[in-house]
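Here the structure comes first, spelled out in structure tokens, and everything after it is commentary.
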Amino acid sequence: MKQYDNVVIFNHPLIQHKIAILRNEKTSMKEFRELVEEITTLMTYECLKEDVPTTEVQVTTPLETCTQKVVCDNAIAIVPILRAGLGMVNGIHVLFPSARVGHIGMYRDEETLQPQSYYCKLPDGIEDKLVLVVDPMLATGGSACDALQLLKERGCKNLKFMAIIGAPEGISRVAEAHPDVKIYVSTQDRCLNENGYILPGLGDAGDRLFGTK
Ligand code: PRP
Ligand code: URA
């Protein structure tokens, strides 16, 4: 696959270890949900090491007063793409409990694989925040592209996209359609099958998170 300046593929051993368990068809719904959260926290730690808005505060330690950087209050919003993106929200809230959450509802038409948008509710002032758009699966890239486009139309200027598993097709599509958005993917898989599922993948992330199948 072509290399893109706006794409980071983690391939971190700790994340890979958790993805091995996530992929396993025998992993329970509870463990799957916990792993999605844990992987998201690890990804967020890395993803926010550069651009997170900070400010300086004075802190008095038992020994002296010093200046210390803190993350700006209200600087970050999380936007999960429903349903599966919901599974990643707590993984970011562990680090930023005050992050506001917007929701974008999309499902793929099973025949055409085109994303169908059915819901959008965003926090007030989202256009001034760093927005983390999350969805564990980046397959054809249609859902991610449409969600990012929608957020740009609502005025968002500072967007990052996080997925746990990405297919080469989807990563390229989003990277090219949104060169201003940094894309973080834990692992890049081989390809899509004829039904648009990622191989080897982990199956349907929404079904595994919520036990619908
Ligand atoms: C899955 C997944 C992504 C989308 C990825 O959602 O969570 O949103 O497919 O596919 P794409 O890159 O080809 O657009 P799905 O459509 O299955 O909806 P669900 O989460 O409600 O089950
Ligand atoms: N959505 C999923 O949940 N899994 C895939 O493999 C592709 C899209």
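Read the numbers this way: they start at 1 and go in the same order the structure lists the ligands and their atoms. Since this is a predicted model, take the numbers as computed values, not measurements. Only heavy atoms go into these numbers, but all of them, side chains included; no hydrogens, no water, no symmetry mates.
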A167 heavy atom under 4.0 Å from ligand 2: no
Ligand 1 to A139 polar contact by distance, N or O atoms, under 3.5 Å: yes
Protein contact of atom 8 (C) of ligand 2 - nearest heavy atom, named by residue and atom, plus distance: R108 NH2, 3.5 Å
I19 side chain reached by R23 side chain, heavy atoms, under 4.5 Å: yes
Sidechain-backbone polar pair: Q116 side chain, Q114 backbone, donor-acceptor under 3.5 Å: yes
Candidate with minimal heavy-atom separation from atom 5 (C) of ligand 1, of M137, K213, E169, R173: M137
Verdict with supporting geometry, K160 and D51, salt bridge (charged side-chain N to carboxylate O under 4.0 Å, His left out): CA-CA 10 Å; K160 289 175 185 277; D51 312 319; 2.6 Å; yes
Those atoms of ligand 1 less than 4.0 Å from some heavy atom in A84: 7 (O), 20 (O)
Ring-face cation of R108 near Y197 (centre distance under 6.0 Å, axis angle within 45°): yes
A144 heavy atom under 4.0 Å from ligand 1: no
Sidechain-backbone polar pair: N6 side chain, A175 backbone, donor-acceptor under 3.5 Å: yes
Check: K18 and S186 side chains under 4.5 Å, non-hydrogen atoms: no
Side-chain donor/acceptor of H103 to backbone N/O of P80, under 3.5 Å: no
Ligand-side contact atoms (ligand 2) for residue partner G203, heavy atom cut-off under 4.0 Å: 2 (C), 3 (O), 4 (N), 5 (C), 6 (O)
Any N/O pair S143/ligand 1 closer than 3.5 Å: yes
Residue and atom name of the nearest protein heavy atom (relative to atom 15 (P) of ligand 1), distance in Å to one decimal: R108 N, 4.2 Å
E37 bridged to R33 by N-O distance under 4.0 Å: no
Stepwise side-chain hydrogen bond (donor to acceptor under 3.5 Å, both in side chains) test for R83 and T212: CA-CA 11 Å; R83 291 176 300 165; T212 32; 3.1 Å; yes
Proximity winner for atom 2 (C) of ligand 1, if only heavy atoms of D135, V174, D204 are counted: D135
Interfacing atoms of ligand 2 (cut-off 4.0 Å, heavy-atom, A139): 7 (C), 8 (C)
Geometric N/O contact I198 with ligand 2, under 3.5 angstrom: yes
Protein heavy atom at shortest distance from atom 20 (O) of ligand 1: R83 N, 3.1 Å
Residues, nucleotides or ligands: over 12 heavy atoms within 6.0 Å of D180 CG: yes
Polar side-chain atom of T27 near backbone of I21 as donor-acceptor pair, under 3.5 Å: yes
Atom indices of ligand 2 within 4.0 angstrom of G196 heavy atoms, with elements: 7 (C)
Nearest non-hydrogen protein atom, atom 13 (O) of ligand 1: T140 OG1, 2.6 Å
Atom 5 (C) of ligand 2: nearest protein contact (heavy atom, Å): Y197 CD2, 3.4 Å
Close approach of P136 to ligand 2, heavy atoms, under 4.0 angstrom: no
Closest approach of any protein heavy atom to atom 3 (O) of ligand 2, naming residue and atom: A205 N, 2.8 Å
